[in-house]
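Reading through the structure tokens given below for one structure.
Treat the numbers as computed from the prediction; the structure is a model and nothing was measured.
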Amino acid sequence: MHPKARTGRSLSRPARWTALLFGLGLMVLGALAAITARYAGRTRTGQAVLLLDGDAVSTGLGLMAFGVALFAFWARRPAVAGAWMGVWMVLGVLLMLAPAWR
């Protein structure tokens, strides 16, 4: 007999719905930044930063990727959840760093 593996379904329902709402919020903020090509944020020191055009679009796409990564909490198997989260988080980081590579 194989021991029963913990699945994503063992997570509580409120935890999964909270992750879904956070993910949708990040996706909406990312879509807003990508569509309008404007992103206003803050640095760690409290300074305001405004990104325009291509920088804002790549930042918005990165935020959307972080939002999609949170859907991993709905996966049925831990391996699928880990792969989903890993791929989308790496893509989000690469998109956020894309303006620095131009």
If I compare all heavy atoms of [X] with all of [Y], which pair ends up nearest, and what's the gap?
X: Ser58; Y: Ala98; value: CB-CB, 4.4 Å
X: Asp55; Y: Pro99; value: OD1-CB, 3.3 Å
X: Met27; Y: Met64; value: O-CG, 3.6 Å

How far does [atom1] of [X] sit from [atom2] of [Y], to the nearest 0.5 angstrom?
X: Thr59; Y: Leu29; atom1: OG1; atom2: CG; value: 12.5 Å
X: Phe22; Y: Leu70; atom1: CZ; atom2: CG; value: 9.0 Å
X: Phe73; Y: Leu20; atom1: CZ; atom2: CG; value: 11.5 Å

Original post:
Going only through I, L, V, M, F, W and Y residues with side-chain contacts under 4.5 Å, is there a path from Trp17 to Val28?
Top reply: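 In one cluster with Trp17: Val28, no.
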
Original post:
Is Phe66 close to Leu95 at the side-chain level, that is, under 4.5 Å between some pair of heavy atoms?
Top reply: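 In short, these two side chains do not touch, never coming nearer than 4.5 Å.
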
Donor-acceptor contacts under 3.5 Å from residues 80-94 side chains, at least two apart:
from	atom 1	to	atom 2	distance (Å)
Trp84	NE1	Val68	O	2.9

**OP:** Using the side chain to side chain contact (heavy atoms under 4.5 Å, CB included) rule, take Tyr39 and Leu63 through it: C-alpha gap first, then chi angles, then the decisive distance, then the call.
**Re:** CA-CA 11 Å; Tyr39 175 77; Leu63 283 173; 3.8 Å; yes

